[in-house]
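Okay, structure first, notes after.
One-based numbering, in listed order, for ligands and for the atoms of each. From a predicted model like this one, the values you see are computed outputs, not experimental measurements.
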Amino acid sequence: MEKQPRLLASQLLLKNSLFEVSLNRVLLTWKEIATKKKRVSGGIHHPFKVGTSHGVSVSEILAVRELDVDSETKDDGRWQKMPQKSTEAYPYAFTVSYVERAWQHRWRCSDVTFHCLEGALCQQWVQTIREQLTALTSRPKHLLVYINPYGGKQQGERIYEQKVAPLFTLASISTHVIVTEHANHARDHLRTEAELKKYDGVVCVGGDGMFSEMVHGLVSRTQRDNGVDQNSPEEKLVPCTLRIGIIPAGSTDCICYATVGINDPVTSALHIIVGDAQPMDVCSVHHNNTFLRYSVSLLGYGFYGDVLADSERKRWMGPARYDFSGFKTFLTHHYYEGTVSFLPATDILGTPRDKTRCRAGCFICQHNGQLYSEDHQPLFLLPEYKGGWRVIRGKFLAINAASMSCACPRSPKGLSPAAHLADGTTDLILVRKCSRFNFLRHLLRHTSKYDQFDMNFVEVHRVRRFRFTPRYCQSDSELDLRENGKRLFSQICRDHPACSCSPAYSSWNCDGEILPHAAIEVGLVRIKGKILDENLLQSAQTGVKVHLPFGQ
Ligand SMILES: CCCCCCCCCCCCC/C=C/[C@@H](O)[C@H](COP(=O)(O)O)NC(=O)CCCCCCCCCCCCCCC
Ligand SMILES: Nc1ncnc2c1ncn2[C@@H]1O[C@H](COP(=O)(O)OP(=O)(O)O)[C@@H](O)[C@H]1O
Ligand SMILES: [Ca+2]
């Protein structure tokens with residue numbers, strides 16, 4: 001083992017909560033060693049100006065612990081800086097674990113050990129750092145964790161146990177872990193039995209479907225606890241105080257990807273620990289005034305709906321099921337007739353084609369999000385307001401509503417690259433009937449730098465609300481056939497691509513779950529009282545705060 005340098009903790013500078021550790025030159029030499037494997041001569045004790053590259057801000061310190069210098073440093077499987085054998089000069093030491101940014105938005109937990117001359121100094125360091133950490137109110141202390149063992153590559157439990165739990169333990173976060181046993185287990189548990197008062201956050205270990213299910217459970221529980229009826233679209237929802245974190249363990253994980261910039265469990269866990277916050281829009285989906293589900297990522301009819309319907313029967317394939325079903329759906333190339341009516345968002349900044357990218361602290365989100373609060377009753381919400389609605393009839397290959405960019409590994413820029421996470425709007429993308437070749441060009445542009453909207457059969461609108469009615473209204477009997485999955489005619493046609501007739505309807509893909517109805521009304525959801533800050537349903541991870549800006 002290389003002769004390891006010794007880091008001397010000389011003095012503690014606490015300046016406006018930026019915890020600056022004035023380290024001696026040895027750290028710099030240490031960094032050089034780490035990069036250039038240079039041997040270090042005895043460290044010259046020389047506190048140097050701490051630039052951000054060497055300062056560690058309190059908000060990114062995960063933990064601090066005294067090191068028992070005499071005994072061998074217990075090897076907890078993590079690479080530690082081993083102090084020199086001859087520690088008679090520095091009998092005291094402590095280790096700081098902090099967030100280190102790596103490439104492509106990755107975060108890693110790094111340790112650095114400091115040696116002190118006297119015990120009192122060491123104590124003072126550890127004590128002060130601990131006090132600073134305790135003072136950070138935005139950090140979760142008790143988390144309720146739901147693991148979906150079934151989603152993605154069915155690795156949810158392993159991912160949590162191996163990559164996330166050790167970090168939560170390091171950060172002294174207590175957790176109650178529930179491994180779900182069936183679909184909607186998390187939603188029902190959240191809606192009924194979960195004692196939410198005991199926690200300051202819930203964590204979803206799964207994909208977008210699981211996250212959407214937990215949003216559903218949490219929002220339903222809050223409305224029930226506050227006596228609000230979810231079914232009436234006009235009702236204002238009460239926001240929840242809890243936060244939802246996401247550990248990516250699903251197939252698409254676009255919610256995690258679009259908020260963190262990468263699907264990496266360790267990065268997500270670290271974001272949860274430091275209590276980051278980023279707002280997010282939520283759509284409520286109704287059918288004939290009956291509440292169906294919330295959507296936070298994609299509401300897709302036609303192509304994405306059919307891909308999902310076909311892939312549900314191939315879950316054993318894991319994430320690859322989407323590519324297989326995608327290919328099959330592409331070949332069947334079904335279009336669907338219907339009427340889309342929508343309310344364009346007019347008084348906002350930004351358009352779906354303005355090349356902006358929504359990032360943490362996004363100005364457009366803050367500006368547009370401010371527009372909706374209790375006292376400011378937007379004109380178009382009044383029942384008598386008829387202005388502004390636009391109606392488009394036609395034959396569509398796909399109707400997609402993206403409340404966020406839906407960026408994911410398959411499509412790094414996403415379905416709607418300039419969509420904002422918390423601007424109170426959703427981007428309605430209409431892809432009209434066109435040739436397979438043109439549709440393929442459109443799909444391919446999702447993975448290249450070309451503009452997927454710049455095609456004459458594609459149009460995109462930034463909307464507040466929208467409705468879809470299939471041309472052939474679903475009779476109840478037809479609905480029953482659909483519901484118990486018989487779908488006689490469309491199924492026969494669907495299974496025989498040679499058949500020219502197109503089935504009357506597709507299914508709605510709501511965050512990866514199939515909706516039972518084709519005719520739906522969708523709107524961004526409203527909360528009671530002031531918005532922003534205190535009244536947001538937040539997510540502990542990268543602030544996936546479920547931002548409920550205004551009424552449906
Ligand atoms: C030819 C290559 C074309 C690549 C086209 C890439 C478009 C991908 C857009 C991705 C949109 C993702 C929206 C996310 C929705 C999720 O909420 C939702 C649930 O996520 P979960 O599984 O984590 O619970 N995910 C989904 O609904 C999955 C949608 C994935 C669609 C993949 C489509 C693949 C298309 C392949 C077409 C191949 C045609 C090739 C013809 C020669
Ligand atoms: N234990 C379970 N058994 C079966 N289905 C489950 C279980 N837990 C959750 N589910 C369902 O699996 C669906 C997909 O989960 P998700 O984590 O999104 O995986 P994927 O990303 O592969 O779709 C969720 O909507 C949820 O209702
Ligand atoms: Ca949005």
Any side-chain heavy atom of [X] within less than 4.5 Å of one from [Y]?
{"X": "Arg464", "Y": "Ile348", "result": "yes"}
{"X": "Phe439", "Y": "Val431", "result": "yes"}
{"X": "Ile392", "Y": "Glu459", "result": "yes"}
{"X": "Gln452", "Y": "Val458", "result": "no"}
{"X": "Thr447", "Y": "Arg410", "result": "no"}
{"X": "Thr329", "Y": "Tyr304", "result": "no"}
{"X": "His461", "Y": "Arg390", "result": "yes"}
{"X": "Phe168", "Y": "Ile272", "result": "yes"}

May I ask you to list the atoms of ligand 1 that are less than 4.0 angstrom from any heavy atom of [X]?
{"X": "Cys254", "value": "14 (C)"}
{"X": "Gly209", "value": "24 (O)"}
{"X": "Arg410", "value": "32 (C)"}
{"X": "Phe327", "value": "40 (C), 41 (C), 42 (C)"}
{"X": "Asp253", "value": "23 (O)"}
{"X": "Gly512", "value": "18 (C), 19 (C)"}
{"X": "Asn509", "value": "26 (C), 27 (O)"}
{"X": "Ser297", "value": "17 (O)"}

(message) Could you check whether any heavy atom of Glu312 sits closer than 4.0 Å to an atom of ligand 2, since that is the contact criterion I want to use?
(response) no
(request) Report yes or no: does a heavy atom of Gly512 sit under 4.0 Å from some atom of ligand 2? (result) no
Just checking: [X], one of its N/O/S atoms, less than 3.0 Å away from the Ca ion (ligand 3), yes or no?
{"X": "Cys365", "answer": "no"}
{"X": "Thr426", "answer": "no"}
{"X": "Asp427", "answer": "no"}
{"X": "Met404", "answer": "no"}

Shortest protein heavy-atom distance from [atom], along with the residue and atom involved:
{"atom": "atom 15 (O) of ligand 2", "answer": "Asn148 ND2, 2.8 Å"}
{"atom": "atom 23 (O) of ligand 1", "answer": "Thr252 N, 3.0 Å"}
{"atom": "atom 17 (O) of ligand 2", "answer": "Gly207 N, 2.7 Å"}
{"atom": "atom 6 (C) of ligand 2", "answer": "Tyr150 CD2, 3.5 Å"}
{"atom": "atom 21 (O) of ligand 2", "answer": "Ser251 N, 2.7 Å"}
{"atom": "atom 23 (O) of ligand 2", "answer": "Arg315 NH2, 3.1 Å"}
{"atom": "atom 25 (O) of ligand 2", "answer": "Glu513 OE2, 2.5 Å"}
{"atom": "atom 1 (N) of ligand 2", "answer": "Thr180 O, 2.9 Å"}
{"atom": "atom 19 (O) of ligand 2", "answer": "Gly151 CA, 3.2 Å"}

Where ligand 2 meets [X] - atom numbers and elements under 4.0 angstrom, heavy-atom basis:
{"X": "Gly206", "value": "17 (O)"}
{"X": "Asn184", "value": "27 (O)"}
{"X": "Glu213", "value": "24 (C), 25 (O), 26 (C), 27 (O)"}
{"X": "Gly250", "value": "21 (O)"}
{"X": "Arg321", "value": "20 (P), 22 (O), 23 (O)"}
{"X": "Pro149", "value": "1 (N)"}

Pick one of side chain, backbone, both or neither for how [X] approaches ligand 2, counting any non-hydrogen atom pair under 4.0 Å.
{"X": "Ala186", "answer": "neither"}
{"X": "His185", "answer": "neither"}
{"X": "Asp208", "answer": "backbone"}
{"X": "Arg187", "answer": "neither"}
{"X": "Gln154", "answer": "neither"}

Atom pair [atom1] ([X]) and [atom2] ([Y]), whose distance is rounded to the nearest 0.5 Å:
{"X": "Asp427", "Y": "Asn400", "atom1": "CG", "atom2": "CG", "value": "11.0 Å"}
{"X": "Ser295", "Y": "Trp508", "atom1": "OG", "atom2": "CH2", "value": "9.5 Å"}
{"X": "Asp354", "Y": "His420", "atom1": "CG", "atom2": "NE2", "value": "5.5 Å"}
{"X": "Ser297", "Y": "Asn509", "atom1": "OG", "atom2": "CG", "value": "7.5 Å"}

(request) Determine, step by step, whether Asn231 and Thr290 satisfy the side chain to side chain donor-acceptor pair (under 3.5 Å) criterion, reporting the C-alpha distance in whole Å, the side-chain angles of both residues, the deciding distance to 0.1 Å, and the verdict. (result) CA-CA 5 Å; Asn231 277 337; Thr290 310; 5.6 Å; no
(request) Inspect the contact between Lys163 and Asp264 and indicate whether a charged nitrogen and a carboxylate oxygen are less than 4.0 angstrom apart. (result) no
(message) Under a 4.0 Å threshold between the charged nitrogen and the carboxylate oxygen, would Arg158 count as salt-bridged to Glu161?
(response) no
(request) Check whether any N or O atom of Gly152, backbone or side chain, sits under 3.5 Å from an N or O atom of ligand 2, and answer yes or no. (result) yes
(request) Decide whether Ser403 and Asp281 meet the rule of one side-chain donor and one side-chain acceptor closer than 3.5 Å. (result) no
Which atom, among the N/O/S set of [X], is closest to the Ca ion (ligand 3)?
{"X": "Asp423", "answer": "OD1"}
{"X": "His420", "answer": "O"}
{"X": "Asp281", "answer": "OD2"}

(message) Evaluate Ser411 for polar contact with ligand 1, using N/O atom pairs at a separation under 3.5 Å.
(response) no
(message) Any nitrogen or oxygen of Thr447 lying under 3.5 Å from a nitrogen or oxygen in ligand 1? Just yes or no.
(response) no
(message) Judged on heavy-atom distance to atom 18 (O) of ligand 2, which of Gly209, Ala183, Gly318 sits nearest?
(response) Gly209
(request) Counting heavy atoms only, name the option from Tyr257, Tyr304, Phe439 that's nearest to atom 31 (C) of ligand 1. (result) Tyr304
(request) Identify the residue among Tyr505, Phe396, Tyr301 that makes a ring-ring contact (aromatic ring centres under 6.0 Å, His included) with Tyr336. (result) Tyr301
